[in-house]
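Lettering follows sequence order; numbering is per chain, from 1.
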2 protein chains.
Amino acid sequence: MTVSDLQIEIARQIVSLASSERWPVGERVSDFALARRLGVSRSPIRSALALLASRGVLAHAPGRGYVLALLPQGNSGIDGIAPPSELEDIHKRLMADRATGAIPMEVSETLLAERYNSTRGTIRKVLLRFAAEGLVQRQRGHGWAFAESLDTDQVEEESYQFRMILECGALRHPGFKVDKDHLASIRAQQAEIMHIPVASVQRDQWFNVNASFHEALAIWSGNRFLVQAVRQQNSLRRITEYAYFERLPYDRIRQVCIEHIAILDALAENDVIFAEALLRRHIEGASRYEVE
Amino acid sequence: MTVSDLQIEIARQIVSLASSERWPVGERVSDFALARRLGVSRSPIRSALALLASRGVLAHAPGRGYVLALLPQGNSGIDGIAPPSELEDIHKRLMADRATGAIPMEVSETLLAERYNSTRGTIRKVLLRFAAEGLVQRQRGHGWAFAESLDTDQVEEESYQFRMILECGALRHPGFKVDKDHLASIRAQQAEIMHIPVASVQRDQWFNVNASFHEALAIWSGNRFLVQAVRQQNSLRRITEYAYFERLPYDRIRQVCIEHIAILDALAENDVIFAEALLRRHIEGASRYEVE
DNA sequence: AATTGGCTTTTATGCAAAAATAAGCCGTCA
DNA sequence: TGACGGCTTATTTTTGCATAAAAGCCAATT
């Protein structure tokens, strides 16, 4: 039986969820709940569960569904169980190759299919994903054109500026209102990261905690367009994040958490002005670091 | 011989160029120059020229290429010579149908292909175009999901707030710099709208002039994410625009142009602070009007 | 001499039918 | 009652082939 890209990605996402939310061994894993949560139907979820069961991560109790058996440990854990889908793999390589200029600004689907030993269909999907992120455009006639000068430093700087505008705009938004429970949960996540030993901080975990902080600011503004824009930035940053994480010193991670918590605390006291000042410093600091 | 969508669109673009640049009858029409200018190869240009020749717009002098014979007059002129391509047609109808809620937020390609009596390939291209405008997104698994349309007062209010954040952010952006030529051309467009009789202001024309003003502010910030976000807002608004334009009084159109021009003039004098104040008033005013 | 027009060759995309896969339903079991 | 498992239906993805677009060449023109 073949395993589709979607199934692989879902399997990886499930492991990632289990690990970041610390599901206990023996926890029942409901396909229905996952389907609703991940926004797909139960079919791919069930394929993914079967895949994970065959790898020993889950145990299948007929009539009672799946239960968590053994969570893969360490950084290579997920990759050992279910390597990245071809889609993710090519997406990353294409991004890197474009950044280094290994491939030209204008490319054809067939050229890429050849280069990455893949099919046009897969390449098409990858390009579609790039297009959704605004990094590539279909041109009339033949081929795809990458956004002008995907000069990484330049794009990254613009991204920081853009996020500054969005998130400060969120804080000043009429009707901005903090959800106490939500804030508490975000704050707990941040505090947790700070207190676990460095080696255990998973890349995905770090990224998700980080992203949900920034997303929360947008959510509290009550403006769906801000939320959408911040989400897009988060997904864009996930790519570079992957490349840089290894080089990210633990001190830096702690520092970021401290700043996040300070901003949250200012918001908890309704001191939006101060929170905005902290946020500006925070994003500027991240910009100097090249990665947050 | 069949005529492809690209060929039709190019033919229409050529006529549009000839008319807006007032080419004299007898002007030589070089395929090479057009190819470079329109960003495609000579092949589709030549097919388009052959099409126009068969319609009597161009005359073919063997050995000396094509010359302009007779420019179609009036607004229905172009449509008479070469009706909009299927792509353009479906694009418009889909937009209208989504605006009125005739089609749901989530659609499948096959559903649309059936509805518009077309093929999935064509639908795909249309959806790709919508996706580039940020109006629709591919979902994991099946189907495409439309972005929130601006069909409720709540969403529209959020859109105004969002644009306020984006555009004021653009003006304050480090490195914000007005392109004099660009500004002059935008200003001229605004002035032109003000001085033509009301009945002649076409919906598309009004929309494009309006959109390019707001887009210009983002472009001058030099931040591609701002540009992208403003473009997306423009596309969203194009949908509601379709429904509201008929009710838009001419005085309101004039008023908007006056405000745009005032902002441009402030920018021309590098008075960004004043420009921002005017811009805030402008967007707030538009918000009160429900439609700009 | 440089550029343009006409023609030909090469390459890439578009298309339609078959295969794979996601979505949705309903009976059954804890 | 709520969730699981099997099943059906609907949608997408794939694959091989037709066709359009791109690129190259050479003669003719200014």
Practice problem: Let me know the distance between CD of B:Gln139 and P of D:dA10, rounded to the nearest Å. | Solution: 19 Å
Between the protein and nucleotides 22-26 of chain C, list every N/O to N/O distance that falls short of 3.5 Å.
from	atom 1	to	atom 2	distance (Å)
C:dA22	OP1	A:Ser4	OG	2.9
C:dA22	OP2	A:Gln7	NE2	2.7
C:dA22	O4'	B:His142	NE2	3.1
C:dA23	OP2	A:Ser41	N	2.4
C:dA23	OP2	A:Ser41	OG	2.2
C:dA23	O5'	A:Ser41	OG	2.9
C:dA23	N7	A:Ser43	OG	2.2
C:dC25	N4	A:Arg42	NH1	3.4

Practice problem: Could you check A:Thr119 against B:Trp144 and say which one's nearest nucleotide on DNA chain D is further toward the 5' end? | Solution: B:Trp144
Quiz item: Mind checking what makes side chain to side chain contact (heavy atoms under 4.5 Å, CB included) contact with B:Ser30, not counting sequence neighbours?
Solution: B:Phe32, B:Ala33
Quiz prompt | Pair A:Ser16-A:Ser19, side-chain donor/acceptor within less than 3.5 Å | solution = no
Exercise. Take A:Gly65 and A:Gly121, find for each the nucleotide of DNA chain D with the closest heavy atom, and name the residue whose nucleotide sits nearer the 5' end.
Key: A:Gly65
Exercise. With sequence neighbours left out, write down each residue that passes side chain to side chain donor-acceptor pair (under 3.5 Å) with A:Glu192, or none if nothing qualifies.
Key: A:Arg22
Quiz prompt | Where at least one partner belongs to residues 45-57 of chain B, residue pairs that pass salt bridge (Lys or Arg N to Asp or Glu O under 4.0 Å), sequence neighbours excluded | solution = B:Asp31-B:Arg46
Practice problem: Assess whether side-chain contact (heavy atoms from CB on, under 4.5 Å) is satisfied between A:Gln154 and A:Glu158, documenting all intermediate values. | Solution: CA-CA 6 Å; A:Gln154 169 69 11; A:Glu158 287 173 26; 2.5 Å; yes
Quiz item: What bend angle does the helix from C:dA1-D:dT30 to C:dA30-D:dT1 show across its length, from five-pair end axes and to the nearest 10 degrees?
Solution: 60°
Quiz prompt | Test side chain to side chain contact (heavy atoms under 4.5 Å, CB included) applied to A:Ile219 - qualifying residues, sequence neighbours left out | solution = A:His182, A:Glu215, A:Val227
Self-check item: For A:Tyr116, ring pair (Phe, Tyr, Trp, His ring centres under 6.0 Å) partners two or more places apart
Solution: none
Practice problem: Take atom CD1 of B:Ile123 and atom P of C:dG14, then tell me their distance rounded to the nearest Å. | Solution: 15 Å
Practice problem: Taking side chain to side chain contact (heavy atoms under 4.5 Å, CB included) as the test, write out the residues that go with A:Ala69, two or more places apart. | Solution: A:Ala59
Self-check item: DNA chain D contacts among residues 107-118 of chain B, heavy-atom distance under 4.0 Å
Solution: B:Ser108, B:Glu109, B:Thr110
Quiz item: Are A:Leu38 and B:Arg140 close enough, and set up right, to give a side-chain contact (heavy atoms from CB on, under 4.5 Å), and what steps lead you there?
Solution: CA-CA 9 Å; A:Leu38 300 183; B:Arg140 312 206 302 176; 3.8 Å; yes
Exercise. Go through the structure and list residues passing ring pair (Phe, Tyr, Trp, His ring centres under 6.0 Å) with B:His142, not counting sequence neighbours.
Key: none
Quiz item: Please give, in whole Å, the distance from C:dC7 P to B:Asp31 CG?
Solution: 12 Å
Practice problem: Could you check how far CZ of B:Arg36 sits from P of D:dA23, rounded to whole Å? | Solution: 14 Å
Self-check item: For B:Thr110, all residues meeting side chain to side chain contact (heavy atoms under 4.5 Å, CB included), sequence neighbours excluded
Solution: B:Ser108, B:Arg120
Exercise. By nearest nucleotide on DNA chain C, pick out whichever of B:His60 and B:Thr122 is the more 5' one.
Key: B:His60
Exercise. Could you tell me the separation between the CD1 atom of A:Ile45 and the C1' atom of D:dG5, rounded to a whole number of Å?
Key: 15 Å
Exercise. Could you tell me the separation between the CG atom of B:Leu127 and the P atom of D:dT11, rounded to a whole number of Å?
Key: 14 Å
Exercise. Please state how far atom CG in B:Leu49 lies from atom P in D:dA21, giving the value in whole angstrom units.
Key: 13 Å
Practice problem: Calculate the interatomic distance between B:Tyr66 atom OH and D:dT29 atom P; express it in whole Å. | Solution: 17 Å
Quiz item: When all nucleic acid strands are considered with a 4.0 Å heavy-atom cut-off, which category describes A:Arg120: base, sugar-phosphate, or nothing?
Solution: base
Quiz item: With sequence neighbours excluded, what pairs up with A:Ser185 under the side chain to side chain donor-acceptor pair (under 3.5 Å) test?
Solution: none
